[in-house]
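Step one of this worksheet: look at the structure below.
In what follows, every chain begins at residue 1, and chains take the letters A, B, ... in the order their sequences are listed. All values derive from a computational prediction rather than experimental measurement.
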Amino acid sequence: MKKQLEILISQAVKTLKTQGVLAADLTPTIHVERTRDVAHGDFATNIALMLAKSAKTSPRSPALPTNMMGFMLAEPEKTNPRQLAEQIITALPSNEAILKVEIAGAGFINFFMNPNAQYQVIQDIHAAGEKFGLSQIGAGKKVQVEFVSANPTGPLHVGHGRGAAYGSVVGNLLTATGFDVHREYYVNDAGRQMDILATSVWLRYLEACGETFTFPSNAYRGDYVRDIAQKLVETHGKKFAHSSEIVFANLPLDEPEGGDKEIYIDALILRAKELLNADYRVVFDTGLNDILGDIKDDLAEFGTTYNQWFSERSLMDDGSIEKALAVLKSNNYLYEKDGAIWFKSSELGDEKDRVVIRDNGQPTYFASDIAYHWNKLERGFDTLIDIWGADHHGYIPRVKAALTALGADATKLNVLLVQFASLWRGEEKVSMSTRSGEFVTLRELRDEVGKDAARFFYVMRRSEQHMDFDLELAKSKSNENPVFYVQYAHARVCSVFRQLGEKGFTQDVSLGMANLAELNAEHETALLTTLARYPEVIERAATQYEPHLLINYLRELATDFHTYYNAHQFLVESDTLRNARLNLISAVRQVLQNGLTLLGISAPEAM
RNA sequence: GCGCUUGUAGCUCAACUGGAUAGAGCACCAGCCUUCUAAGCUGGGGGUCGCAGGUUCGAGUCCUGCCAAGCGUACCA
């Protein structure tokens, strides 16, 4: 309906252009909104206010650029907005859905719709079913959504959960609006952090083999490392064992002894590679595969799935990094300084240049990221969406700079930042420290509050908002918990349909459809309006990457339903009214179910 | 110091991207279960939209300057 009005208005504007009332070069964006106040009708547009300034512009205006600036610069002879609104209304093509059109305030045009038109949405929902709300505005454009991409050095923690929930819902919304979505997890299966993990596993393995020594301060200390080491013992026996005298011979000091923990761990990594040779990869991959497998299971149980798990190591193995750096070099964006290779990102908007190859010859994480993002674009995606933790925000300019330097289109890259969630248990803030005994993993969160509540809470707020996640609230089975509020509405509709037969009634959908006009109570009208908004909400939530709009909408729909439920009996004697109401509430159930499905949250039939 | 993000009711957050009288939930107070699930509903009080200017018919939203918080500012990932 909103779109139909926009089309009608644009036709009116076109007419006024040919009449010379409006300058021919104007291309106003027509914006129709739902009104907040019923006194203002159903829809409103501010088009007359927008155009008032530029109506009757002088003929020299075509020489001006047609962009927004040109539009602003054109010097208008002021037109009364209300008068212009009058002209627009006169030029408006007639449409049977429109009851009347009024001018209000400074020059708003308010549309009052024909009440009979509002019932159409029930027919639409019944016809479309689970497809109601889907659209094709994406027109099959290829979008890649990369999210979570946590290093496989340990289990996912609650901080990753928000990215997982947000990314999967954004993906669902884009799919629902006709985009061709590809979900991807970038696996950092190379690099120093993974070497630290492999070394940690090996040292725990040595302990399991009976060696005793002080565990490095900078190694991974989680219990899962011991578990992996134990598996290594079970499958390979003492094949990788060396005496601690040899392992720790001639190493620099660790931090507690007055040394540097980074230098110490690097020396240990080197030692592990020397002593294990080809077996190092076995230890490394055992750790990697174990943890990655756990992450995959964890995310799948959380309702987050991927099309592809992209290996960082593959970029090294197939020469992608070298190739990307070669192109940067030939485009004259690389130079050498202090033994390292630098990328001139400061020439392209970054605050300083960045190292791509360290003085020890190792490429930096940034180097593989350049190759990775280039690889993404070469795969033909129209849009890239990266979902990052907010602490990585400083990283955006350098990645964009790199794409530009490679001759690629950096504007295709869209980085969405997700702020951290702080965990609360009632009044008490939960420590996020890995060492603390408090639970920190996503799995533990799911065990405690459940998948539905966790997902709901994660996407309830705008992603850029800092978020407080209250575990007590998420767990509570009470009116304080918004998850149950929405699910309860769904369960209540299902319950009504269960009662239908028990009370000796039957349902006749077509009889209900023929008598929708009996749905004229205030609560019913409100519900019809809310139902009709659903496709608009999906479209907006998808194009703005704002899943919280869908959450807010579902809460409003649930409110409208609960209010209606308390005010009216559905299973009434009148066959026509009863069936009309059943058609209405089954439409509500359908929309609730569709929305919850997009959020990856269940729609229970009973609670 | 510089950069990014955020400041809205006692608390947690919305506000259709510049529109009409800034809205919800929680908390607090007062009511509603012989009728489809009370995990619900009805009513009530609550606001200098961080502060100060500016832009225009119109600003919580845009521009400038302050103030405050978080994050970043590595040859870490």
Describe the nucleic acid contact of Leu549(A) in one word from base, sugar-phosphate, nothing, applying a heavy-atom distance below 4.0 Å.
sugar-phosphate

Can you see if the side chain of His548(A) gets near the phosphate of rA15(B) - specifically, an N or O under 4.0 Å from OP1 or OP2?
yes

With sugar-phosphate meaning primed atoms plus P, OP1 and OP2, does His568(A) contact a base, only sugar-phosphate, or nothing at under 4.0 Å between heavy atoms?
base

Separation of rC16(B) P from Leu550(A) CG (nearest whole Å):
17 Å

If you measure only the distance, is there a donor-acceptor pair under 3.5 Å linking the side chains of Asp452(A) and Gln487(A)?
yes

When we call it a touch if two heavy atoms are under 4.0 Å apart, what does Ala491(A) touch: a base, just sugar-phosphate, or nothing?
base

For the rings on Tyr166(A) and Tyr545(A), is their centre-to-centre separation under 6.0 Å?
no

Could you please name the option among rC36(B), rG19(B), rA14(B) that lies closest to any side-chain atom of Glu33(A)?
rG19(B)

Between rG7(B) and rC63(B), how far apart are the two P atoms, rounded to whole Å?
14 Å

Please work out which of the three classes, parallel, tilted or perpendicular, describes the rings of Tyr186(A) and Phe310(A), given edges at 30° and 60°.
tilted

How would you label the contact of Thr563(A) with the nucleic acid (heavy atoms, under 4.0 Å): base, sugar-phosphate, or nothing?
sugar-phosphate

Which part of the nucleic acid does Arg36(A) contact within heavy-atom distance under 4.0 Å: base, sugar-phosphate only, or nothing?
base

For Ala39(A), answer base if it contacts any base atom (sugar-phosphate contacts may also be present), sugar-phosphate if it contacts only those atoms, and nothing otherwise; contact means non-hydrogen atoms under 4.0 Å.
nothing

Run the side chain to side chain contact (heavy atoms under 4.5 Å, CB included) test against Asp42(A) and tell me which residues pass, sequence neighbours left out.
Met113(A)

Please measure how far the C1' atom in rG40(B) lies from the corresponding atom in rC33(B), and state the result in whole Å.
10 Å

May I have the distance from Tyr458(A) (atom OH) to rC13(B) (atom P), rounded to whole angstrom?
15 Å

Just jot down the salt bridge (charged side-chain N to carboxylate O under 4.0 Å, His left out) partners of Lys352(A), sequence neighbours excluded, or say none.
none

Could you check Glu312(A) against Tyr372(A) for side chain to side chain donor-acceptor pair (under 3.5 Å), going step by step and ending with a plain yes or no?
CA-CA 8 Å; Glu312(A) 178 187 6; Tyr372(A) 178 46; over 6 Å; no

Among residues at least two apart in sequence or on other chains, which ones pass salt bridge (charged side-chain N to carboxylate O under 4.0 Å, His left out) with Lys100(A)?
Glu102(A)

Taking the nucleotide of RNA chain B with the closest heavy atom to each, which residue, Tyr564(A) or Ala558(A), is nearer the 5' end?
Tyr564(A)

Using atom P of each nucleotide, how far apart are rG10(B) and rG72(B) to the nearest Å?
31 Å

Given protein heavy atoms under 4.0 Å, the one-letter contact record of nucleotides 69-77 of chain B, with B base, S sugar-phosphate only and - none, is simply -SBSSSBSB

Taking atom P in both rG43(B) and rG23(B), what distance in whole Å separates the two?
15 Å

Charged N to carboxylate O below 4.0 Å: is that the case for Arg192(A) and Asp266(A)?
yes

Pair listing, salt bridge (charged side-chain N to carboxylate O under 4.0 Å, His left out) test, anchored in residues 558-575 of chain A, at least two apart:
Asp575(A)-Arg578(A)

Residue closer to the 5' end of RNA chain B, Tyr565(A) versus Ala104(A) (nearest nucleotide)
Ala104(A)

Cation-pi check, Arg492(A) to Tyr565(A): give yes when NZ or CZ is under 6.0 Å from the six-membered ring centre and within 45° of the ring axis, no otherwise.
yes

Which of these nucleotides, rG19(B), rC16(B), rA39(B), is closest to any side-chain atom of Phe484(A)?
rA39(B)

Separation between the C1' atoms of rG45(B) and rG3(B), rounded to whole Å:
44 Å

Regarding rC26(B), purine or pyrimidine glycosidic angle vs 90° from 0 gives anti

For atom CZ of Arg555(A) and atom P of rA39(B), their distance in whole Å
18 Å

Contact class for Glu546(A) vs. all strands (heavy atom < 4.0 Å): base, sugar-phosphate, or nothing?
base

Glu556(A) CD to rC13(B) C1', straight-line distance once rounded to whole Å
13 Å

Base, sugar-phosphate or nothing for His562(A)? Non-hydrogen atoms, less than 4.0 Å.
sugar-phosphate

Closest to the Phe108(A) side chain: rC57(B), rC13(B), rA20(B)?
rA20(B)

Between Arg492(A) and rC36(B), is there a contact of a side-chain N or O with OP1 or OP2 at under 4.0 Å?
no

Please give, in whole Å, the distance from rG19(B) P to Ile109(A) CD1?
16 Å

Mind checking the P distance from rU64(B) to rA69(B)? Whole angstroms is fine.
22 Å

Can you measure Phe456(A) atom CZ to rC26(B) atom C1' for me and round it to whole angstrom units?
14 Å

For RNA chain B, what are the stems built from at least three Watson-Crick or G-U pairs in a row, each pair having both distances below 3.5 Å?
B:1-7 with B:67-73, B:10-13 with B:23-26, B:28-32 with B:40-44, B:50-54 with B:62-66

From OH of Tyr485(A) across to P of rG25(B) the rounded distance in Å is 7 Å

With the side chain of Asn566(A) defined as its heavy atoms from C-beta on, choose the nearest nucleotide among rG40(B), rA14(B), rC16(B).
rG40(B)

Might you work through the side-chain contact (heavy atoms from CB on, under 4.5 Å) test for Glu536(A) and Tyr553(A), ending with a clear yes or no?
CA-CA 10 Å; Glu536(A) 296 162 22; Tyr553(A) 169 82; over 6 Å; no

For nucleotides rU6(B) and rU12(B), find the distance between their C1' atoms and express it as a whole number of Å.
15 Å

Categorize Ala44(A) for me: base, sugar-phosphate, or nothing, with a 4.0 angstrom heavy-atom threshold over every strand shown.
base

What's Asn110(A) touching, base or sugar-phosphate or nothing? Going by heavy atoms closer than 4.0 Å.
base

Go through the steps for Val459(A) and Arg455(A) under the test side-chain contact (heavy atoms from CB on, under 4.5 Å), then give the verdict.
CA-CA 6 Å; Val459(A) 297; Arg455(A) 289 185 74 97; 5.8 Å; no

Rounded to the Å, how far apart are Asp42(A) CG and rC16(B) C1'?
15 Å

